[in-house]
There are 2 protein chains.
Amino acid sequence: MLLRTVSEGNSKSRTRARTRRPAASSSSPASTIDLMVVPTAYARNEEIFGEGEPVDYLYKIESGCIRATRTHDNGHRQLVAFYLPGNLFGLDAHDLHTISTEATTPSKVRVIKRKALMARGGDMATIKHLLDLTAAELRRSQNHNLLLLKGAQERVVGFLQEMAQREHRQGEIELPMTRRDIADYLGLTIETVSRTLKLLETEGAISLPSRWRVVLHDPAALN
Amino acid sequence: MLLRTVSEGNSKSRTRARTRRPAASSSSPASTIDLMVVPTAYARNEEIFGEGEPVDYLYKIESGCIRATRTHDNGHRQLVAFYLPGNLFGLDAHDLHTISTEATTPSKVRVIKRKALMARGGDMATIKHLLDLTAAELRRSQNHNLLLLKGAQERVVGFLQEMAQREHRQGEIELPMTRRDIADYLGLTIETVSRTLKLLETEGAISLPSRWRVVLHDPAALN
DNA sequence: CGTCACATTGAACCTCTTCAAGCGCCGTGG
DNA sequence: CCACGGCGCTTGAAGAGGTTCAATGTGACG
């Protein structure tokens, strides 16, 4: 069988905090998406929004890392995306969220009411921006699709390259998520992720100074 | 290795016809997406649009079946979606297509210039419609992601259920695509698809009267 | 300093792939 | 009208890659 991440009720590790709502400091009308209220802090494993909730807010991550997940009937968890500082998220659907989002590490997130964006008498630029963002998400999802068809090694390498691309520093990556998160993102088991990383290290492609750091020795030869 | 569908130069079976452009009968201004020019006919394996081309048109399939594909560097082909009569497609990106589309069977497609939609002085309803469509595509893609994480049997069953849901007739499905198309859509080999279908038949879940027909005996117990 | 969650490592198993052969349908040409 | 040939599909047996189960290792935090 292929059941991996059954959410065995480890009620301690998975903080099941109820979704908080930011204090709506609706004052100055936002003309672009950049204008957002003060950042809200989220603890590790705290939920930003949950599946089935209405799509009322748009989020911009300031610091930390957010994971977007879908949980299947069987309890199987699939990780749809990681969001890093600067990324916008919360646009997975038009009416109701199809995904949940949680912080993988203490994070700060700016929030804006979506209505405030849409209701501004048809701000064409803004809604086009939303369309662009959704299209970008779509492209990301399709790239992720491609990744899931490859072998374990290529998936891990692809993940590292994706993270490296989004990092500021060159050749050095920070992984602000657990092995389980990575595994669920890549459709592998934590054991395979661990083994594959180790293999890449013994091959000389990378170094693993700590659990959260990866150094890419030859970014080009990573294929 | 995981290389499956390497496009071995079977230049005969894959009609590499150049993308045709419909005769632009731009006359009556379109106020909704429903207003489209007369349908264009496409032959089997004929390309509607290709990867890298600008996103200038929106398409609505009238009859037949369209497959959306991405081809990887290795020659590996991934099938992103099937479009059936009534479906709209061509919104995989905002600027340049990231996918190619071909007819899996003789098909008729209605076409509309995208500019004609966007340039109408900011038709808010239309652009919101586009946003909805893109969001729906995103959801489809994420569902497809989920499917790719399951075992072979669950993938095939999921595919059958998806097709059944889109069919008018109840309990009977037409598959207007080859086994290779199905395999590339599910991330499996044609052998596994064939075997799995046969297995489902011997289990009594389905019947396979012909290559293109599937009868679902107990749609509920298909799990 | 002990505990707990997370990560690593090892060995047996299982599913899907791979390679290879045979089948059946359909169009073409004799 | 039937034989031939091609293509897509089926079926079989061997192999690889990832999962599973189980045990051990390691770092953070009280």
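All values reported here derive from a predicted model rather than from experimental measurement. Chain A is the first sequence line, chain B the second, and so forth, proteins listed ahead of strands; every chain is numbered from 1.
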Please report the distance, rounded to the nearest Å, between [atom1] in [X] and [atom2] in [N].
X: B:R179; N: D:dG8; atom1: CZ; atom2: P; result: 13 Å
X: A:D184; N: C:dA7; atom1: CG; atom2: C1'; result: 15 Å
X: B:I190; N: D:dT11; atom1: CD1; atom2: C1'; result: 12 Å
X: B:R180; N: D:dC9; atom1: CZ; atom2: P; result: 9 Å
X: B:D181; N: D:dC9; atom1: CG; atom2: P; result: 9 Å
X: A:E154; N: D:dG18; atom1: CD; atom2: C1'; result: 14 Å

A correct 5'-to-3' footprint of nucleotides 22-29 of chain D, with B, S and - meaning base, sugar-phosphate only and no protein heavy atom under 4.0 Å, is ---BBSS-
Could you check whether B:T178 gets within reach of a base, just the sugar-phosphate, or nothing at all, counting any heavy atom under 4.0 Å?
sugar-phosphate
Return no unless some side-chain N or O of A:T189 is found under 4.0 Å from OP1 or OP2 of D:dT19.
yes
OP1 or OP2 of D:dT10 under 4.0 Å from side-chain N/O of B:K198
no
Row check, A:Y57 ring normal vs A:K113 NZ/CZ: under 6.0 Å, within 45°:
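Geometry flag: set, cation within 6.0 Å and 45°.
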Examine the base of D:dG17 for any acceptor or donor lying under 3.5 Å from a partner atom in the side chain of A:R195, and report the outcome as yes or no.
no
Main-chain N/O of A:D132 paired with B:H94 side-chain donor or acceptor, under 3.5 Å
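Answer holds: no.
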Taking A:S100 for its side chain and A:E51 for its backbone only, find out whether a donor-acceptor pair lies under 3.5 Å.
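Present.
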Please determine, for the side chain of B:T192, which listed nucleotide (C:dA7, C:dC6, C:dT17) has the closest atom?
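When the side chain of B:T192 is considered, C:dT17 is the closest of C:dA7, C:dC6, C:dT17.
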I need the single residue from A:E162, A:R67, A:Q78 that forms a side chain to side chain donor-acceptor pair (under 3.5 Å) with A:Y185. Which is it?
A:E162
